[in-house]
Amino acid sequence: LGNEPRRLLPPPPRYQPPTINATKLMREWAAATTPAALDGLAASLGLTTPSVTAVGAAWAAPHAAWAFPMCDGYGNIVGIRLRNEKGKFAVRGSKQGIFLADVPPQKTLFVCEGPTDTAAAIELGYFAVGRPNCCCGGPEIKVYARRLAVSRVVVVADNDKPGLDGARKVGGELKLPFAIYVPPAKDLREFVGLGGTRAMIENTLKGTLWQN
């Protein structure tokens with residue numbers, strides 16, 4: 001018995017992160033989302049239906065949540081952000097990406113935080129993109145901005161240290177002239193809900209320092 005060769009245990013299986021076909025899921029959920037449901041989402045956010053439709057909102061019945069596509073800088077859907085009354089989360093297997101809007105490009109790009117603030121910027125007539133949080137998304141937004149010949153960027157920030165630091169970080173990563181805009185409200189969506197206008201933002205930006 002003592003001369004029997006030792007049996008080597010097989011190596012443990014490598015962890016395989018879950019993968020999803022985010023494009024297929026979003027297409028299916030969008031097809032099943034009724035106009036009335038989109039109207040209800042828009043009303044709950046204080047926005048109009050075309051604005052939430054522009055950022056790709058769809059009802060994800062399996063998750064009992066609203067879904068928003070997360071994309072790379074080339075427009076490919078790489079993940080899905082979910083939102084309901086319990087909070088914000090992502091479909092398991094999602095990659096983090098940016099929130100794009102189906103609107104005509106403009107020379108100035110507004111960089112917001114999250115899909116609903118992006119929809120608020122669309123509501124005001126801006127060309128906008130959403131970063132996944134205050135300090136991420138710069139490399140993908142840089143690709144997107146270059147593809148669409150953007151010449152300058154306005155980064156929308158919360159009026160606190162993380163928000164301002166994140167805005168400076170993301171703005172610097174874009175390699176374009178950028179300004180930081182801080183809404184006089186909790187966020188851009190609340191600003192719109194309180195009656196904020198594009199003219200008010202433009203007036204503030206006149207006295208804002210543009211950075212490179």
Side-chain angles (χ1 to χ4, degrees), residues 16-106 109-134 136-137 140-141 143-144 148 156 158 183 185-196 198:
Q16 296 292 333
T19 57
I20 58 171
N21 187 335
T23 300
K24 180 173 180 287
L25 286 174
M26 286 302 310
R27 186 181 298 124
E28 291 173 350
W29 293 340
T33 303
T34 65
L38 284 169
D39 291 345
L41 172 65
S44 73
L45 296 173
L47 302 172
T48 61
T49 304
S51 297
V52 297
T53 302
V55 294
W59 178 248
H63 302 278
W66 283 98
F68 301 87
M70 293 188 286
C71 302
D72 63 18
Y74 295 95
N76 303 304
I77 301 176
V78 297
I80 301 171
R81 169 79 63 86
L82 298 171
R83 174 194 181 102
N84 61 19
E85 68 278 358
K86 295 179 181 178
K88 304 168 188 174
F89 48 108
V91 173
R92 192 162 180 246
S94 291
K95 293 181 180 178
Q96 187 165 262
I98 57 178
F99 301 98
L100 305 183
D102 185 15
V103 293
Q106 302 174 22
L109 175 66
F110 267 62
V111 175
C112 306
E113 185 177 340
T116 60
D117 263 24
T118 304
I122 300 302
E123 187 86 6
L124 296 173
Y126 286 114
F127 177 46
V129 62
R131 57 199 192 276
N133 55 48
C134 68
C136 295
E140 296 298 342
I141 296 172
V143 171
Y144 182 67
L148 296 175
V156 182
D158 292 343
K186 181 175 76 70
D187 53 28
L188 195 62
R189 184 164 62 84
E190 184 178 87
F191 171 75
V192 172
L194 293 172
R198 179 168 177 157

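In what follows, residues are counted from 1 in the order of the sequence shown.
Nearest approach of F127 to V103, heavy atoms of both residues: CD1-CG2, 3.8 Å. Looking at every heavy atom in both residues, K186 comes nearest to E190 through N-OE1, 2.8 Å. Here the shortest heavy-atom pairing between Q96 and C136 reads NE2-CB, 3.9 Å. The shortest non-hydrogen separation linking P183 to F191 is CB-CB, 4.2 Å. Pairing each heavy atom of C71 with each of V78, the nearest pair is C-CG2, 4.0 Å. Nearest heavy atom pair, residue A101 against residue A128, reads CB-O, 3.9 Å.
R131 contributes atom CZ, which lies 7.0 Å from atom CD1 of I141 (distance to the nearest 0.5 angstrom). For the atom pair F110 CZ and L124 CG, the distance stands at 8.0 Å (nearest 0.5 Å). One finds the CZ atom of R83 at 5.5 Å from the CG atom of L45 (value rounded to the nearest 0.5 Å). For the atom pair OG (S51) and CZ (R189), the distance works out to 12.0 Å, reported to the nearest 0.5 Å. Here CE of M70 is found 4.5 Å from OG of S94. Values are rounded to the nearest 0.5 Å. Distance CD1/I80 to CG/L25: 4.5 Å, rounded to 0.5 Å.
F68 places a side-chain heavy atom less than 4.5 Å from the side chain of V55. Side chains of I20 and R92 form no contact here, defined as non-hydrogen atoms less than 4.5 Å apart.
Side chain of D117 to main chain of C112: no donor-acceptor pair is present (N/O by atom type, distance under 3.5 Å, no hydrogens or angles). For R81 (side chain) and A67 (main-chain N/O), no donor-acceptor pair under 3.5 Å exists by modelled atom type. At distances below 3.5 Å, not a single donor-acceptor pair connects side-chain atoms of E113 with backbone N or O atoms of D187.
A cation-pi geometry, defined here as NZ or CZ lying under 6.0 Å from the six-membered ring centre and within 45° of its normal, holds between R198 and Y126.
Checked against side-chain contact (heavy atoms from CB on, under 4.5 Å), T23 has the following partners two or more places apart in sequence or in another chain: N21, R27, I77. Applying the side-chain contact (heavy atoms from CB on, under 4.5 Å) criterion to A65, with sequence neighbours excluded, gives H63, L82, N84, F89. Judged as a side-chain contact (heavy atoms from CB on, under 4.5 Å), and not counting sequence neighbours, the contacts of E140 are D72, I98.
The only option from V52, T116, L38 that meets the side chain to side chain contact (heavy atoms under 4.5 Å, CB included) definition with W66 turns out to be L38.
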